[in-house]
Amino acid sequence: MTTETNNRFEKAFEALNTLKQDGSDSERCSAAMRALEGFIMTGASATVLESIETIGVTYNHLISEAATDASDMTAVVSETDAAELIRSLEDACKSVCEEETDRIFERLRNHHAKLPETEIGTLRKYRDWFAPRLLAETLSDIETLDQLYRNAPQGTSDREVSSSFDSSIPFFALFLSSEWEWVESSPVLLKGLMLPGEGPFDLFGDAVHEEIPRYVARILADDLDRIDDLIANPDLNPYVRWSTANSYMYLVRDGRISAKDAVARLEQLFERIKFPGADGRPGIGHVYEVSSGLLSVIMGIGGVPLMKVAPADLDWRFVDESIIHRKNLEDALKAGAKGMDGDALKNLPPTRTEDFLVSLRRWSAFITEPRRPRRAEPAMESTAVRAHPASPSVRMPSIAPEPVMQTTQLRRTEQTQRNARCPCGSGKKYKQCCMRTTTSAND
């Protein structure tokens with residue numbers, strides 16, 4: 001069905017484009033019918049079947065009447081007949097494009113654990129057609145989820161809220177926006193990152209960790225104050241704030257800001273986000289993940305020797321040493337100039353991914369169990385439009401299963417919250433202990 005849907009969209013879209021070209025009505029009509037050759041009818045709606053079949057029958061009838069003999073392949077319909085047929089062609093092709101667009105977006109919304117590569121390929125090829133719909137659908141999903149969180153009865157858990165939301169369109173929109181460097185999408189996607197609770201993970205899954213740093217480093221490279229405001233915003237999910245802070249590693253690696261200036265800003269942020277209680281210790285509103293994450297970023301860019309405050313004099317009460325230990329900073333300081341280059345920067349992936357599907361193929365959410373080899377079966381033959389002269393029927397290709405690999409997940413599935421103490425009794429936070437093991441077992 002996937003191949004058929006994309007075949008119908010591409011054929012109809014190509015036919016529409018030929019109708020917009022210069023030339024006589026008869027020439028444009030003939031070009032549009034040639035574009036529709038091989039149009040797969042199997043699986044199309046009754047409306048599409050009727051309109052396409054009617055056009056095909058009418059066109060072939062007119063060609064037969066215009067031919068001087070049965071072997072005349074140069075005959076064209078009259079301008080009068082062509083003008084009337086063009087109107088029918090435009091209506092039918094627009095209907096096909098709209099209907100198949102709905103099917104493509106439904107596949108993106110519910111991928112059923114199979115990466116929708118064909119659909120994404122179609123979006124890439126026809127970006128101008130799909131981009132407005134992609135942005136509108138993403139915004140709609142974000143607003144829907146926002147309302148679910150805001151209207152949830154008191155005492156409702158994040159898991160209960162997110163259980164009533166299921167759409168992967170924002171997830172794919174994030175990767176496509178990154179690949180396209182689609183600046184117009186940033187207000188919508190940033191709105192999604194600012195949702196309360198686990199909202200950003202409901203929308204973007206683990207792309208919050210893996211893609212957001214690169215995305216922010218591209219779209220906000222010229223607005224560092226905006227990046228800092230996101231990191232310092234106490235209403236944002238702490239992991240969104242931490243991932244946003246990680247964008248500084250890409251900014252330094254790409255030469256958008258010097259390591260010295262980056263460290264100065266990160267140190268200021270460390271002080272800015274501290275939430276002390278009455279006794280000077282961290283108050284209830286302090287988020288250890290963010291302050292600890294800022295130090296890990298400073299280490300990542302090799303900027304420890306550039307810090308104004310020495311590691312030994314740092315206020316470690318505001319740092320979770322299960323995330324980053326003071327000895328690590330002290331060792332980095334002793335390393336001196338060797339740490340200035342930032343070894344972590346050398347291992348960063350490209351800030352802009354040329355083809356995000358390459359990495360997504362390794363995500364466990366898109367890997368299904370391999371099927372057992374089956375005895376070869378005849379390929380299924382699909383009904384196709386046969387313009388004049390007749391085109392061969394289209395056969396559906398067989399799809400070989402892909403091998404299973406260990407990968408990243410799209411959605412978290414654990415019952416225990418990230419910041420809760422691990423139920424194994426280690427005393428550590430769940431995210432620092434058994435979360436990945438539990439997630440792997442559930443995949």
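Residue numbers run from 1 in the order of the sequence given.
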- Query: Of Glu99, Glu100, Glu14, Glu98, which is the lone residue that meets salt bridge (Lys or Arg N to Asp or Glu O under 4.0 Å) with Arg8?
  - Reply: Glu100

- Message: So, taking the atom named CG in Leu230 and the one named CE in Met194, what distance separates them when rounded to the nearest 0.5 Å?
- Response: 6.5 Å

- If you measure from the Lys or Arg side-chain nitrogens to the Asp or Glu carboxylate oxygens, is any gap between Arg103 and Glu119 under 4.0 Å? no

- Message: Would you compute the distance between atom CZ of Phe175 and atom CG of Leu357 and round it to the nearest 0.5 angstrom?
- Response: 9.5 Å

- Message: Please check this pair: side chain of Ser140 against backbone of Ala136, looking for a donor-acceptor N/O pair closer than 3.5 Å.
- Response: no

- Item | Glu271 side-chain N/O to Glu267 backbone N/O, donor-acceptor pair under 3.5 Å | no

- Message: Closer than 4.0 angstrom, basic N to acidic O: yes or no for Arg87 and Asp25?
- Response: no

- Quick check: does any side chain N or O of Ser247 sit under 3.5 Å from a backbone N or O of Val216, one acting as donor and the other as acceptor? no

- Message: Between Asp254 and Arg352, does any NZ, NE, NH1 or NH2 come within less than 4.0 Å of an OD or OE carboxylate oxygen?
- Response: no

- Side chain of Ser292, backbone of Asp320: donor and acceptor closer than 3.5 Å? yes

- Query: In chain order, what residues pass the salt bridge (Lys or Arg N to Asp or Glu O under 4.0 Å) check against Arg272, with sequence neighbours excluded?
  - Reply: Asp229

- Point-to-point distance, once rounded to the nearest 0.5 Å, from OG1 of Thr42 to CD of Glu4: 5.5 Å

- Derivation of the side chain to side chain donor-acceptor pair (under 3.5 Å) call for Glu106 and Asn110: CA-CA 6 Å; Glu106 179 58 28; Asn110 300 294; 2.7 Å; yes

- Using atom types as modelled and distance alone, determine if a side-chain donor or acceptor of Ser95 lies under 3.5 Å from a backbone N or O of Asp91. no

- Query: Parallel, tilted or perpendicular: which describes the rings of Phe201 and His209, with under 30° parallel and over 60° perpendicular?
  - Reply: tilted

- Rounded distance (nearest 0.5 Å) linking atom NE2 of His111 with atom OG of Ser167: 9.5 Å

- Item | Heavy-atom side-chain proximity of Phe356 to Leu176 below 4.5 angstrom | yes

- Message: Within the 4.5 Å heavy-atom criterion, are Leu89 and Leu36 side-chain neighbours or not?
- Response: yes

- Are Arg361 and Glu117 within salt-bridge range, i.e. N to O under 4.0 Å? yes

- State plainly whether the residues Arg109 and Asp166 are in salt-bridge range, i.e. N to O under 4.0 Å. no

- Nearest-0.5 Å distance, CG of residue Asn246 to CG of residue Leu294: 9.0 Å

- Message: If we ignore hydrogens and angles and just use 3.5 Å, is the side chain of Ser258 paired with the main-chain N or O of Asp261 as donor and acceptor?
- Response: yes

